[in-house]
Amino acid sequence: MPEEPMPGPLGTEMREATLPDGARVVAAVKPGLSQDEADLIAAQVWAEIPGE
């Protein structure tokens, strides 16, 4: 994934984020969101997904 955010759908940008388990994901976030905030949002979504 490039270092710079990529344009995303409907006024978002696509950002690479790190989950608490170390996995990397791509997420659509508000433009200008810091990397720490993008990681935090990804972690919150990850925590809400039921475990297997």
Side-chain angles (χ1 to χ4, degrees):
M1 179 105 191
E3 292 294 320
E4 293 297 317
M6 301 281 299
L10 304 173
T12 63
E13 59 186 27
M14 304 304 289
R15 298 285 289 280
E16 197 171 292
T18 303
L19 299 176
D21 66 355
R24 304 282 293 172
V25 297
V26 176
V29 298
K30 293 179 182 178
L33 204 65
S34 74
Q35 187 61 50
D36 286 341
E37 291 171 309
D39 289 342
L40 177 61
I41 290 169
Q44 290 170 338
V45 171
W46 180 81
E48 293 174 9
I49 296 172
E52 294 181 13

- Looking only at heavy atoms, which two atoms of Glu16 and Gln35 are closest? And how far apart? O-NE2, 2.7 Å
- Message: I need the minimum non-hydrogen distance between Ala17 and Ala38, along with the two atoms involved.
- Response: CB-O, 3.9 Å
- Note on the structure: When rounded to the nearest 0.5 Å, the distance separating CD of Gln44 from CD1 of Ile49 is 12.5 Å
- Item | Gap separating the CD1 atom of Ile41 from the CZ atom of Arg15, nearest 0.5 angstrom | 9.5 Å
- Query: Members other than Trp46 in its cluster, when Ile, Leu, Val, Met, Phe, Trp, Tyr link by side-chain heavy atoms under 4.5 Å?
  - Reply: Leu19, Val25
- Closest heavy-atom pair and its distance - Pro31, Gly11: CD-O, 3.0 Å
- Qualifying residues under side-chain contact (heavy atoms from CB on, under 4.5 Å), relative to Glu48, sequence neighbours excluded: none
